[in-house]
Visitor: 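Below is a structure I'd like to ask you about.
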Amino acid sequence: MLKLYQAIWRASAGRQIILIVLSIAIAGLAAVPLEFQRDIINHLTSDSIETERLTYLAAGMMSVILLSLALKWLLGFRAGTLGEDMIRLIRQRLLARASDVEDTEGSVKKGTMTTAISAEAEELGKFAGGAFSDPVVQIGTLISVIGYISSTQPWLGLIALSMIIPQIVIVLISQRKVNVFVADRVRILRSATDKLTVEDIDTVARDIDARFDEIYETRRRMFLWKLSAKFLLSVINGAATVGVLMLGGYLVLQAKTDVGTVVAATSGLSRIQGPTGFLIAFYRQVSANRIKYELMLELFGPNPERYRLPKQAK
């Protein structure tokens, strides 16, 4: 994983720093709408309701939401264009490698190189665009929201934090198995395309069809692991929501907190579920792309440094 991130940083450090700064700004704003929401609910349940203050709070909340959305738009655009630039650079390096070798015994096969240029470069390049900014946004959002909930009501913050830890354990266990399936699928697909490009289709059709069956079985087993893990994660999210409502309701009845805090905590919990789910998917993506990056390095032969990405992709 470290080698993959080193390659991405070497090729796009300056642009990644800009994306990281935008990500921190977005994460910093994540909990602000919750405070406005809390104040609005408490104001509506108070004895004296002032229309002017309600308007002020609503305008403030909407302003923060618009600013956050504008920053997300800018982040998405810059990350997307960087990803496309990285795709182009990877394909250029693969093309240079293909031009340098002859298709002889022991060299890179045309089918393998075709698969790498068309599909594998696309996946790695897109990942590079958000390799740093995506986790910064989501981790920052988790810290911001959980910190806010904990500051208003520590017990509710504890429930929000406790839902994350078991999810991490489940993902670490399941993803280790999924990574094996990812590597197997890439190798099988490369082997099938090699046969298509170097042999007569009629003579290898049955063998290639068998490879397709292998790919299907590999993906089927991958789905079993991923969907089972997703089911367990959803159970944890549901239990956390029920826990916050029950504990929050009890604290309100005991006059130890207010309705606005419980509503904000519930909303915050839903905002935590998004980043948590994204980080889980991102970890899976990192793991899969690490395998693909290592497999791609094999295509560059004994001297991969010759085809390394240039510093600072434009």
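None of these values were measured; they are calculated from a predicted model. These numbers come from the heavy atoms of this one structure, side chains and all, not from hydrogens, waters or symmetry mates. The chain is numbered in sequence order, starting from 1.
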Visitor: Looking at every heavy atom in both Thr141 and Ala30, which two are closest together, and how far apart are they?
Guide: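 Looking at all heavy atoms of both residues, the shortest contact is CG2-CB, 3.8 Å.
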
Visitor: Evaluate the side-chain proximity of Leu251 to Val262: yes if any heavy-atom separation is below 4.5 Å, no if none is.
Guide: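 Answer no - side chains too far apart.
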
Visitor: Which pair of heavy atoms, one from Ser133 and one from Gly129, lies closest together, and at what distance?
Guide: OG-O, 4.1 Å

Visitor: Has Ser228 got a side-chain atom pairing as donor or acceptor with Leu224's backbone, closer than 3.5 angstrom?
Guide: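 A pair under 3.5 Å: yes.
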
Visitor: So does Ala128 get a backbone contact from the side chain of Gln16, meaning a donor-acceptor N/O pair under 3.5 Å?
Guide: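 Checking the backbone N and O of Ala128 against the side chain of Gln16, a donor-acceptor pair under 3.5 Å is found.
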
Visitor: When rounded to the nearest 0.5 angstrom, what distance separates CG in Leu29 from CG in Leu67?
Guide: 5.0 Å

Visitor: With side-chain contact (heavy atoms from CB on, under 4.5 Å) as the test, would you mind laying out the steps for Lys72 and Val137 before giving the verdict?
Guide: CA-CA 10 Å; Lys72 287 179 180 178; Val137 169; 5.8 Å; no

Visitor: Quick check for you: to the nearest 0.5 Å, what is the distance between Tyr56 atom OH and Asp39 atom CG?
Guide: 9.5 Å

Visitor: When you group the ILVMFWY residues by side-chain heavy-atom contacts below 4.5 Å and let the links chain together, are Trp73 and Leu82 in the same group?
Guide: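 Yes, because Leu82 and Trp73 connect within a single hydrophobic cluster, where side-chain heavy atoms sit under 4.5 Å apart.
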
Visitor: How close do Ser144 and Ala31 get, counting heavy atoms only, and between which atoms?
Guide: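 So the two residues come closest at OG-CB, 3.3 Å.
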
Visitor: Set out, in order, the CA-CA distance, both residues' side-chain angles and the distance that settles side-chain contact (heavy atoms from CB on, under 4.5 Å) for Met86 and Leu89, then state yes or no.
Guide: CA-CA 5 Å; Met86 296 297 291; Leu89 288 170; 4.3 Å; yes

Visitor: If you round to the nearest 0.5 Å, how far is OG1 of Thr261 from CD of Glu35?
Guide: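 Here the interatomic distance stands at 8.5 Å.
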
Visitor: Transitively linked via ILVMFWY side-chain contacts under 4.5 Å: Leu71 with Ile65?
Guide: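 Cluster IDs for Leu71 and Ile65 match.
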
Visitor: Rounded to the nearest 0.5 Å, what separation is found between the CG atom of Asn42 and the CD atom of Gln37?
Guide: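 These two atoms lie 10.5 Å from each other.
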
Visitor: Taking Ile41 as the starting point, is it possible to reach Phe36 by hopping between hydrophobic residues whose side chains are less than 4.5 Å apart?
Guide: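 Cluster IDs for Phe36 and Ile41 differ.
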
Visitor: Under 6.0 Å from the CD atom of Gln254, do we count more than 12 heavy atoms belonging to anything else shown?
Guide: yes

Visitor: On a heavy-atom basis, which atom in Ile8 and which in Phe127 lie closest, and how many Å separate them?
Guide: CD1-CE2, 3.8 Å

Visitor: If Ile, Leu, Val, Met, Phe, Trp and Tyr residues are connected whenever their side-chain heavy atoms lie under 4.5 Å apart, and connections chain through other members, are Leu57 and Val32 in the same group?
Guide: yes

Visitor: For Ala265 and Val244, work out which heavy atoms get closest and say how close.
Guide: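 Shortest heavy-atom separation between Ala265 and Val244 comes out as CB-CG1, 4.2 Å.
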
Visitor: Taking Ser12 for its side chain and Trp9 for its backbone only, find out whether a donor-acceptor pair lies under 3.5 Å.
Guide: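 It does not hold such a pair.
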
Visitor: Would you name the heavy atoms of Ser68 and Ile26 that are closest together and state the gap between them?
Guide: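 That closest heavy-atom pairing would be OG-CG2, 4.3 Å.
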
Visitor: Once rounded to the nearest 0.5 Å, what's the spacing between atom CD1 of Ile236 and atom CD1 of Ile170?
Guide: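 Here the rounded value is 4.0 Å.
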
Visitor: Check the hydrophobic clustering (I, L, V, M, F, W, Y; side-chain heavy atoms under 4.5 Å; chains of links allowed) and say if Ile17 and Tyr5 are grouped together.
Guide: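 Ile17 clusters together with Tyr5.
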
Visitor: How long is the straight-line distance from OG1 of Thr51 back to CG of Leu54, given to the nearest 0.5 Å?
Guide: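 With rounding to 0.5 Å, CG (Leu54) is 7.0 Å from OG1 (Thr51).
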
Visitor: What do the steps show when you test Thr81 against Phe77 for side-chain contact (heavy atoms from CB on, under 4.5 Å), and what is the final call?
Guide: CA-CA 6 Å; Thr81 53; Phe77 178 77; 4.0 Å; yes

Visitor: Pick one: which of Val136, Leu75, Ile24 meets side chain to side chain contact (heavy atoms under 4.5 Å, CB included) with Leu19?
Guide: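 Per the side chain to side chain contact (heavy atoms under 4.5 Å, CB included) rule, the option paired with Leu19 is Leu75, out of Val136, Leu75, Ile24.
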
